[in-house]
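Step one of this worksheet: look at the structure below.
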Number of protein chains: 2
Amino acid sequence: MARTNSDSGLDVTGLPIGVVARDLGLSQDLLRKWEARYGFPEPGRNAHGERVYPQAQVDRLRLIKRLLDAGLRPAHVVPQGDAALRALINEQAPPSLPAEDGPIEPMFDLLREHDVPALEARLQAELLRGGLEAFVRDVAIPMTEAVGRAWSQGELDVFEEHIYTEAIGRLLRNGIAEVSHARGRPRVVLTTLPDERHGLGLLFVAAMLSQRGARCLSLGTEMPIPEIARVVRVMHADIVGLSFSSVYPHRLIGATLRELRGQLGEGPEIWAGGGGVANLQHSVRLRGVRLFTSIDDAQVALTRWSEVQAQG
Amino acid sequence: MARTNSDSGLDVTGLPIGVVARDLGLSQDLLRKWEARYGFPEPGRNAHGERVYPQAQVDRLRLIKRLLDAGLRPAHVVPQGDAALRALINEQAPPSLPAEDGPIEPMFDLLREHDVPALEARLQAELLRGGLEAFVRDVAIPMTEAVGRAWSQGELDVFEEHIYTEAIGRLLRNGIAEVSHARGRPRVVLTTLPDERHGLGLLFVAAMLSQRGARCLSLGTEMPIPEIARVVRVMHADIVGLSFSSVYPHRLIGATLRELRGQLGEGPEIWAGGGGVANLQHSVRLRGVRLFTSIDDAQVALTRWSEVQAQG
DNA sequence: ACTTCACTTTGTCCAGGACAGATGCAGACC
DNA sequence: GGTCTGCATCTGTCCTGGACAAAGTGAAGT
């Protein structure tokens with residue numbers, strides 16, 4: 001005599017729209033519009049007529065979000081079934097796995113075994129072995145990419161990603177603190193704009209630049225634009241470094257960078273990087289903003305900055 | 001022949017509703033409802049008929065938000081003018097200023113002068129002088145409260161608060177790493193729920209408990225409830241420590257804690273603390289959840305936990 | 001190739017309404 | 001006095017259905 005939810009005419013197992021929107025990083029309005037325009041998602045309703053999203057639909061939405069972040073268009077993606085979505089993802093992903101004999105693989109295993117002390121020790125050892133710059137290039141960045149990929153494919157839990165972020169963040173901050181000069185040049189302010197919560201990229205850049213004599217001030221994430229302008233003024237910064245992950249809405253990058261450019265005045269340079277910038281249409285050309293697609297670009301730019309300063 | 005915005009019949013200087021809502025931590029729906037119910041805010045409209053909030057109204061909304069976070073009711077607060085709001089805030093605030101001869105005052109000055117290296121050095125010295133536990137109780141917590149108070153009164157910029165957070169966070173994480181035992185008991189998982197981005201409190205607790213032999217795993221902020229349950233299961237944690245700042249919506253604390261309690265099963269304890277818990281109505285009694293109003297409660301609870309374990 | 005321009009797509013905002021859960025208060029009861 | 005109970009009010013979130021600007025697309029013209 002089992003009585004399931006579907007027997008009652010109501011699908012009451014699932015998550016409310018507010019939770020789904022927050023977890024996916026989409027607005028409630030947008031979820032409703034997709035439902036009206038593309039027929040998906042198609043949540044059940046609770047006794048009060050409110051949308052209730054089954055877990056399966058939330059999972060599919062996560063795949064959709066990932067493809068949209070990679071630059072595909074909603075009409076091509078949102079109506080697709082699970083199989084088609086996975087096929088699209090396989091097309092997208094360059095299957096550049098980390099070398100099996102490299103340092104990434106064993107650390108990844110430690111993370112999956114949740115052996116936090118061992119993971120931290122291993123990372124620390126790698127840092128000491130090759131120095132900060134090599135550590136960032138050969139360990140931190142590939143490992144972060146591997147973790148991100150594994151997470152988005154459901155092979156890694158959210159908490160495992162958090163464990164990694166905590167560990168690598170602590171190491172990098174300490175590394176930066178050790179090599180940082182109190183009076184170096186240029187002075188670089190590093191942060192992200194509102195709605196961008198991923199700050200690891202900033203640490204990579206801060207490590208690279210600090211190692212080479214720049215004086216980096218890391219402000220963490222989600223700094224309002226007027227506030228960035230104020231810091232730059234107060235601290236007499238030469239450069240503002242911004243990071244955009246691929247989750248950051250593409251359409252906003254151009255507009256917000258222009259806004260910041262306007263508020264900063266002529267002097268300070270703006271350097272922007274991260275996955276969101278790499279996905280950007282090249283049509284977005286911004287005067288007075290340098291776009292980086294790789295961490296090496298930042299080093300090149302730093303060298304050039306120093307040369308120009310020496311000449312001027 | 002100056003032509004101001006008001007001449008044109010449109011008030012076009014200000015922020016759109018989306019930005020205001022995000023910056024204040026309020027929903028767009030709520031801003032519109034306040035406007036309809038209480039007559040405030042009363043934004044201008046741009047050429048397209050969209051709300052445009054002048055800076056002055058955003059500032060007043062910030063005062064309002066602060067009073068609501070302290071537990072006042074919207075009908076008493078939202079319609080008030082600036083003067084009345086400031087009066088209410090003065091009633092609220094216990095003017096417990098830091099002792100002038102204590103360690104807080106000079107560090108606060110360093111922060112206001114943006115002398116980051118000196119601030120970090122000073123904090124480091126305090127940590128070495130008295131040890132981790134005294135540092136947390138006598139320096140980190142009072143300083144954090146002072147910074148928060150100064151920020152909410154507009155005496156400190158957002159970026160100055162971020163600078164402080166970065167500095168104190170790095171010190172605490174290192175301190176925790178140094179005293180942490182790989183095999184201590186109890187095992188504590190520390191995190192915050194979604195929508196709660198303030199994680200400093202977790203570091204305070206982690207420092208206290210690690211110092212006394214517990215094994216703390218700090219997962220950072222905004223961990224979904226099912227994910228917390230998974231960590232606890234995988235890591236065989238004895239205790240889940242949660243932090244709620246006063247910004248976290250009070251109404252949600254009870255419901256989410258009950259939800260977590262249900263998903264955790266019988267074994268693990270739940271400890272919750274932070275400004276949000278302190279403001280909570282005592283009517284919210286939760287079985288199987290321990291509420292802390294002070295950092296000392298955590299220490300007491302740890303001692304008691306160890307006793308019970310020894311007996312059992 | 002490279003602009004121009006009309007057309008389509010897409011995310012956000014709007015109005016006004018409904019309602020559940022919390023909060024506060026008056027009165028009953030111990 | 002203290003505590004409970006029921007009721008009215010308050011308050012945040014969700015609903016529908018519509019409008020529109022900015023970004024993206026593609027075809028035609030230079």
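Bear in mind that the values here come from a model prediction, so they are computed numbers and not experimental data. Here is the naming used below: chain letters follow the sequence lines, and residue numbers restart at 1 for every chain.
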**Study point:** Glu42(A) atom CD, over 12 foreign heavy atoms within 6.0 Å
**Key:**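 For Glu42(A), atom CD is not crowded (no more than 12 foreign heavy atoms under 6.0 Å).
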Exercise for review: Check the pair Asp29(B) / Lys33(B) against side chain to side chain contact (heavy atoms under 4.5 Å, CB included), numbers first and verdict last.
Suggested key: CA-CA 6 Å; Asp29(B) 273 337; Lys33(B) 281 292 178 242; 5.5 Å; no
**Study point:** 5' priority, DNA chain D, between Pro74(B) and Lys33(A) [closest heavy atom]
**Key:**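 Nearest-nucleotide comparison on DNA chain D picks Pro74(B).
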**Study point:** Gly49(A) or His250(A), whichever maps to the more 5' nucleotide of DNA chain D
**Key:**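 Looking at DNA chain D, the more 5' nearest nucleotide goes with Gly49(A).
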Practice item. Show your reasoning for whether side chain to side chain contact (heavy atoms under 4.5 Å, CB included) applies to Asn46(A) and Arg51(A). Key: CA-CA 7 Å; Asn46(A) 65 13; Arg51(A) 290 174 176 78; over 6 Å; no
Point to revise | Approximate separation, where rounding is to 0.5 Å, of Asn90(A) CG and Gln153(A) CD | key: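 Taking CG in Asn90(A) and CD in Gln153(A), the distance rounds to 7.5 Å.
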**Study point:** Spacing of CZ belonging to Arg230(B) relative to CG belonging to Leu264(B), to within rounding of 0.5 Å
**Key:**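 Arg230(B) atom CZ to Leu264(B) atom CG measures 13.0 Å (nearest 0.5 Å).
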Nearest to the side chain of [X] - [options]?
{"X": "Glu50(B)", "options": "dC14(C), dG11(C), dC14(D)", "value": "dC14(C)"}
{"X": "Arg45(A)", "options": "dT25(D), dC15(D), dA19(D)", "value": "dC15(D)"}
{"X": "Arg73(B)", "options": "dT10(C), dT23(C), dG12(D)", "value": "dT23(C)"}

Between [atom2] on [N] and [atom1] on [X], what's the gap in Å once rounded to a whole number?
{"X": "Asn46(A)", "N": "dC14(D)", "atom1": "CG", "atom2": "C1'", "answer": "10 Å"}
{"X": "Leu31(B)", "N": "dT12(C)", "atom1": "CG", "atom2": "C1'", "answer": "15 Å"}
{"X": "Asp69(A)", "N": "dT10(C)", "atom1": "CG", "atom2": "P", "answer": "15 Å"}
{"X": "Gln28(A)", "N": "dC15(D)", "atom1": "CD", "atom2": "C1'", "answer": "10 Å"}
{"X": "Ile64(A)", "N": "dT10(C)", "atom1": "CD1", "atom2": "P", "answer": "13 Å"}
{"X": "His48(B)", "N": "dA22(D)", "atom1": "NE2", "atom2": "P", "answer": "9 Å"}
{"X": "Leu72(B)", "N": "dT11(D)", "atom1": "CG", "atom2": "C1'", "answer": "15 Å"}
{"X": "Leu68(B)", "N": "dT11(D)", "atom1": "CG", "atom2": "C1'", "answer": "11 Å"}

Check your understanding: Using a heavy-atom distance cut-off of less than 4.0 Å, which residues of residues 16-25 of chain B contact DNA chain C?
Key ->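 Of all residues in residues 16-25 of chain B, the ones placing a heavy atom under 4.0 Å from DNA chain C are Ile17(B), Gly18(B).
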Practice item. Would you classify Arg32(A) as touching base, sugar-phosphate or nothing, given that sugar-phosphate means primed atoms plus P, OP1 and OP2, and contacts are heavy atoms under 4.0 Å? Key: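 If one applies the 4.0 Å heavy-atom cut-off, Arg32(A) turns out to touch a base.
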Review point. Does a donor on one side chain sit under 3.5 Å from an acceptor on the other, for Glu222(B) and Thr192(B)?
Key: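 No, no side-chain donor-acceptor pair sits under 3.5 Å.
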Check your understanding: Does Trp34(B) make a side-chain N or O approach to OP1 or OP2 of dT11(D) shorter than 4.0 Å?
Key ->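 Checking dT11(D) against Trp34(B), no side-chain N or O comes under 4.0 Å of OP1 or OP2.
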Review point. Closer than 4.0 Å, any side-chain N/O of Tyr38(A) to the OP1 or OP2 of dT10(C)?
Key: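 Yes, Tyr38(A) has a side-chain N/O under 4.0 Å of OP1/OP2 on dT10(C).
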Check your understanding: Toward the 5' end of DNA chain C, which comes first, Asp29(A) or Ala75(A), by nearest nucleotide?
Key ->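 Per heavy-atom nearest nucleotide, the more 5' residue is Ala75(A).
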Practice item. Classify the side chain of Arg251(A) and the base of dG24(D) as holding, or not holding, a donor-acceptor pair under 3.5 Å. Key: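 No, the side chain and the base share no sub-3.5 Å donor-acceptor pair.
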**Study point:** Side chain Arg37(B) and base dG12(D) donor-acceptor under 3.5 Å
**Key:**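 Looking at the base of dG12(D), it does pair with a donor or acceptor on the side chain of Arg37(B) (distance under 3.5 Å).
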Review point. What are the two closest heavy atoms between Val52(A) and Arg45(A), and how far apart are they?
Key: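 Closest approach of Val52(A) to Arg45(A): CG2-C, 4.3 Å.
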Check your understanding: Are the aromatic rings of Trp34(A) and Phe40(A) close, with centres under 6.0 Å apart?
Key ->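 Aromatic pair excluded; centres sit 6.0 Å or further apart.
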